[in-house]
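All remarks here apply to the structure that follows.
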Amino acid sequence: MTYPSPVPSRLTRDSRNKMIAGVCAGIARRYGISTGGLRLAFVVSCILPGPQFIAYLVLWVLMPRDDRY
């Protein structure tokens, strides 16, 4: 007997639990991690040098919005 996975099979932006675009919420939901923890990690990582903000914008454009909810 197989049980349905609580993790969605596709990576989509979360349209219900979003703060800005739903990117962090969608990633957290897809991989089963804390949304708040992922958001905090992203904000802290923006202090470090690198393309984190640009990566967020790219994901915002490329990730489809989850309209199932």
Side-chain angles (χ1 to χ4, degrees):
M1 180 173 184
T2 61
Y3 295 99
S5 173
V7 177
S9 60
R10 291 181 33 182
L11 182 61
T12 57
R13 291 185 289 130
D14 192 342
S15 57
R16 283 185 48 191
N17 299 316
K18 67 181 183 176
M19 286 193 106
I20 297 174
V23 173
C24 288
I27 292 171
R29 185 183 61 203
R30 168 65 177 92
Y31 293 105
I33 57 178
S34 164
T35 303
L38 185 65
R39 287 177 179 146
L40 180 63
F42 173 73
V43 170
V44 169
S45 76
C46 285
I47 297 169
L48 302 172
Q52 296 87 338
F53 188 70
I54 293 172
Y56 186 90
L57 293 176
V58 168
L59 286 172
W60 187 352
V61 171
L62 295 179
M63 285 174 63
R65 195 171 101 182
D66 185 9
D67 291 326
R68 291 184 292 164
Y69 298 106

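It should be emphasised that the depicted structure is a prediction, and the values quoted were computed from it without experimental measurement. Reckoned from all heavy atoms, side chains included, excluding hydrogens, waters and symmetry mates.
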Point to revise | Residue list, side chain to side chain contact (heavy atoms under 4.5 Å, CB included) with Ala28, at least two apart or on another chain | key: Ile33, Thr35, Leu38
Review point. Can you list the residues that meet the side chain to side chain contact (heavy atoms under 4.5 Å, CB included) rule with Phe53, with sequence neighbours excluded?
Key: Leu57
Review point. Are Phe42 and Leu48 connected, step by step, through hydrophobic side chains (Ile, Leu, Val, Met, Phe, Trp, Tyr) whose heavy atoms are closer than 4.5 Å?
Key: no
Check your understanding: Is it true that Ile54 and Val23 fall in one hydrophobic cluster, defined by side-chain heavy atoms closer than 4.5 Å?
Key -> no
Review point. Would you call Cys24 and Lys18 a side-chain contact if the rule is heavy atoms closer than 4.5 Å?
Key: no
Exercise for review: Take Arg10 and Asp66 through the test side chain to side chain contact (heavy atoms under 4.5 Å, CB included) and record every step on the way to the result.
Suggested key: CA-CA 9 Å; Arg10 291 181 33 182; Asp66 185 9; over 6 Å; no
**Study point:** Arg13 side-chain N/O to Met63 backbone N/O, donor-acceptor pair under 3.5 Å
**Key:** yes
Practice item. Count the heavy atoms belonging to other residues, nucleotides or ligands that lie under 6.0 Å from CD1 of Ile20, then report whether that count exceeds 12. Key: no
Review point. Could you go step by step and tell me if Arg65 and Asp14 meet the salt bridge (Lys or Arg N to Asp or Glu O under 4.0 Å) rule?
Key: CA-CA 7 Å; Arg65 195 171 101 182; Asp14 192 342; over 6 Å; no
**Study point:** Exercise: do Ser34 and Arg39 side chains pair donor with acceptor under 3.5 Å
**Key:** no
Exercise for review: Please lay out, stage by stage, how Arg30 and Thr12 fare under the test side chain to side chain donor-acceptor pair (under 3.5 Å).
Suggested key: CA-CA 8 Å; Arg30 168 65 177 92; Thr12 57; over 6 Å; no
Revision key, fill the gap. Nearest heavy-atom contact between Ile27 and Leu59 is CD1-CD1, 4.0 Å
Revision key, fill the gap. Value for SG (Cys46) from OH (Tyr56), rounded to nearest 0.5 Å, stands at 10.0 Å
Exercise for review: Supply the members, apart from Leu40, of the Ile/Leu/Val/Met/Phe/Trp/Tyr cluster built from side-chain contacts under 4.5 Å; use none for a lone residue.
Suggested key: Val44
